[in-house]
Amino acid sequence: MTTRRIPVVLVTGFLGSGKTTMLNHLLRGSVDTRIGVIVNDFGSINIDAMAVAGQVDSMIPIENGCLCCAADSTEMDEMLARLTEPSLGIEVIVIEASGLAEPQSMIRTLLSSENEHILYGGLIEVVDAAEFENTRERHPELDRHVRAADAVVLNKADRVSEQERARVLETLARIAPGAPVVTAEHGRVDPGFLFDRGPGAPGGERYRQLSFAEVCTDEHDWHEHLHHAYQSVEFTADRPLDPRRFLEFLDGRPAGLYRMKGFIHFAAPGHDRKFALHAVGSYLRFHPSEWAPGEARMTQLVMIGAGVDAEALTKELTDCVAAAPETIADQHMMGILRYVQERTDELDTDEPDVEEPVPADASHTD
Ligand SMILES: Nc1nc2c(ncn2[C@@H]2O[C@H](COP(=O)(O)OP(=O)(O)OP(=O)(O)O)[C@@H](O)[C@H]2O)c(=O)[nH]1
């Protein structure tokens, strides 16, 4: 008897490109499919796993480093063994890589897995339409990441003009001619794009043959892994933060601090909500939600950047803890509220405004 093998789909993309947002959208839109998820976060507090928890049949968080650096596939095999346990009935496994992971290494780790219940299901690279060109300048390695993808999601289309979007599409076509590209806002792609790309479907075969260059070992590029240039700093506080001080901190955050994410507890009357914070480059948003019943009110923050002074950051944040919460007034939240966005990505349950993927060079004019 042959057993059906479970496809394992890799989701990669630079820091803050929208991987978790897309994953959450896909999980909400795939209630009839049993999905297992592995979420790898660079920092030691797995904010992404917290964002995904509750929507998924089985989830394994891995924090503090990149899964792409596992010396062998043992760690991956252990996780896959848990998720392919027949009693779970998992039909698809999605691995959300950290924003600094090396896609090719992840593919190799997966291909060298000894788990006979799985099948490599392809790699989706999420690209931030607004940040891509700048990020490429700093990290030319990103081109390699795009080339490793079976499909590219050009996310955050709402943050760019038509012309900028066309420019990024042209760049993608140059980097990876023929790769299917789907444009999205808030990660709203059709779940079928990820889970059901059988032969003849847009974007082509799900299981393509990998080239020798993709599969062979790459000792030479280990040192080029993006995360060698980055460090993560974590901050937690049991006592609430002073909103004005915290805003000052955000306004003056160092240029090298590219990514911040976490949850903030503010000491302001009438604002006892859980403020999810996301900063990606100069982009900054708070997404408030209610605390879960019994959830400890606290601040948990992960900051990822290059050349940042961890000690100084921690000191500045410690100074944001409200010394006298009772003196903080409602209007002290004004500055924070300017950056509040109610979660549009959570309101998109059934009618996603999705696009069919087009080959990247379809928009290429020369
Ligand atoms: N305007 C806009 N914001 C988006 C879009 N997609 C995601 N975001 C926001 O971008 C921020 C980062 O999104 P995430 O999904 O956490 O990104 P990520 O790739 O998982 O981040 P890392 O795991 O840290 O690399 C969040 O504030 C999202 O709400 C989009 O299409 N448009």
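Hydrogens, waters and symmetry mates are skipped; everything else that's a heavy atom, side chains included, is used.
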Original post:
Are any of the side-chain nitrogens in Glu133 or Arg136 under 4.0 Å away from the carboxylate oxygens of its partner?
Top reply: yes
**OP:** Using only heavy-atom distances, determine whether the side chains of Glu102 and His145 contain a donor-acceptor pair under 3.5 Å.
**Re:** yes
Original post:
For the atom pair CD (Glu114) and OG1 (Thr74), what is the distance rounded to the nearest 0.5 Å?
Top reply: 8.0 Å
**OP:** Report yes or no: do Val160 and Val152 belong to one cluster of Ile/Leu/Val/Met/Phe/Trp/Tyr joined by side chain heavy-atom distances under 4.5 Å?
**Re:** no
Subject >> Shortest non-hydrogen contact from Asn155 toward Ser17 >> reply: ND2-O, 3.0 Å
Original post:
Does CZ in Arg82 sit with more than 12 non-hydrogen atoms of other residues, nucleotides or ligands closer than 6.0 Å?
Top reply: no
Subject >> Derivation of the side-chain contact (heavy atoms from CB on, under 4.5 Å) call for Leu10 and Ile124 >> reply: CA-CA 6 Å; Leu10 289 172; Ile124 312 288; over 6 Å; no
Subject >> Check: Thr314/Glu311 side-chain N/O donor and acceptor closer than 3.5 Å >> reply: no
Original post:
Angle class for the Phe275/Phe286 ring planes (parallel below 30°, perpendicular above 60°, tilted otherwise)?
Top reply: perpendicular
Original post:
In terms of ring plane angle, is the pair His139 and Phe14 parallel, tilted or perpendicular, where the classes change at 30° and 60°?
Top reply: tilted
Original post:
Under a 4.5 Å side-chain heavy-atom rule over Ile, Leu, Val, Met, Phe, Trp and Tyr, are Met79 and Ile90 clustered together?
Top reply: yes
**OP:** Not counting sequence neighbours, which residues clear ring-ring contact (aromatic ring centres under 6.0 Å, His included) with His265? List them please.
**Re:** Trp291
**OP:** Return the set of residues passing side-chain hydrogen bond (donor to acceptor under 3.5 Å, both in side chains) with Ser30 (not counting sequence neighbours), or none when no residue passes.
**Re:** none
**OP:** Could you state whether Val302 and Tyr283 fall into the same hydrophobic cluster, counting links through intermediate Ile, Leu, Val, Met, Phe, Trp or Tyr residues with side-chain heavy atoms under 4.5 angstrom apart?
**Re:** yes
Original post:
Under the side-chain contact (heavy atoms from CB on, under 4.5 Å) test, which residues partner Met298, sequence neighbours left out?
Top reply: Thr236, Asp238, Gln300
Subject >> Cationic N near anionic O, under 4.0 Å, Glu295 to Lys274 >> reply: yes
**OP:** Nearest 0.5 Å please: distance from the CD1 atom of Ile6 over to the CD1 atom of Ile118.
**Re:** 9.0 Å
**OP:** Heavy atoms only: give me the nearest Leu80-Ser113 pair and the separation to one decimal.
**Re:** CD1-OG, 3.8 Å
Subject >> Any donor-acceptor N or O pair under 3.5 Å, side chains Thr135, Asp128 >> reply: no
**OP:** Report the C-alpha distance between Leu284 and Leu250 in whole Å, list the side-chain angles of each, state the deciding distance to 0.1 Å, and finish with yes or no for side-chain contact (heavy atoms from CB on, under 4.5 Å).
**Re:** CA-CA 9 Å; Leu284 176 66; Leu250 291 173; 4.0 Å; yes
Subject >> Donor-acceptor contact present, side-chain Glu125 to main-chain Ala149, <3.5 Å >> reply: no
**OP:** Sequence neighbours left out, what pairs pass side-chain hydrogen bond (donor to acceptor under 3.5 Å, both in side chains) with at least one residue falling in residues 319-336?
**Re:** Arg244-His332, His271-Asp330, Lys315-Asp319
Original post:
Nearest heavy-atom pair of Ala237 and Val321: which atoms, and what distance?
Top reply: CB-CG2, 4.1 Å
Original post:
Would a distance-only check, ignoring hydrogens and angles, find a side-chain to backbone donor-acceptor pair under 3.5 Å from Glu137 to Asn134?
Top reply: no
Subject >> Donor-acceptor contact below 3.5 Å, side chain His25 vs main chain Val189 >> reply: yes
Original post:
Do Ile328 and Phe246 share a hydrophobic cluster, counting only Ile, Leu, Val, Met, Phe, Trp and Tyr and linking them when any side-chain heavy atoms are less than 4.5 Å apart?
Top reply: no
Subject >> Nearest non-hydrogen partners of Glu164 and Ser161, listed with the distance >> reply: OE1-N, 2.8 Å
Original post:
Listed by chain and number, what are the side-chain hydrogen bond (donor to acceptor under 3.5 Å, both in side chains) partners of Arg259, not counting sequence neighbours?
Top reply: His278
Original post:
Which pair of non-hydrogen atoms, one from Lys19 and one from Thr12, has the smallest distance, and what is that distance?
Top reply: CD-C, 3.5 Å
Original post:
Who are the side-chain hydrogen bond (donor to acceptor under 3.5 Å, both in side chains) partners of Arg253, not counting sequence neighbours?
Top reply: none
**OP:** State whether the side chain of Arg245 and the backbone N or O of Ala322 hold a donor-acceptor pair below 3.5 Å, judged by distance alone.
**Re:** no
**OP:** Evaluate the criterion side-chain contact (heavy atoms from CB on, under 4.5 Å) for residue pair Val308 and Tyr230; output intermediate values, then yes/no.
**Re:** CA-CA 9 Å; Val308 292; Tyr230 285 80; over 6 Å; no
Subject >> Transitive ILVMFWY side-chain link Leu337 to Phe249, under 4.5 Å >> reply: yes
**OP:** Please lay out, stage by stage, how Leu301 and Phe263 fare under the test side-chain contact (heavy atoms from CB on, under 4.5 Å).
**Re:** CA-CA 6 Å; Leu301 200 51; Phe263 305 101; over 6 Å; no
Original post:
Are a donor atom and an acceptor atom from the side chains of Glu316 and Thr318 found within less than 3.5 Å of each other?
Top reply: no
Original post:
Of the non-hydrogen atoms in Val9 and Gly121, which two are nearest, and what is the gap between them?
Top reply: CG2-O, 3.9 Å
Original post:
Do you see a donor-acceptor pair shorter than 3.5 Å between the side chains of Asn40 and Ser98?
Top reply: no
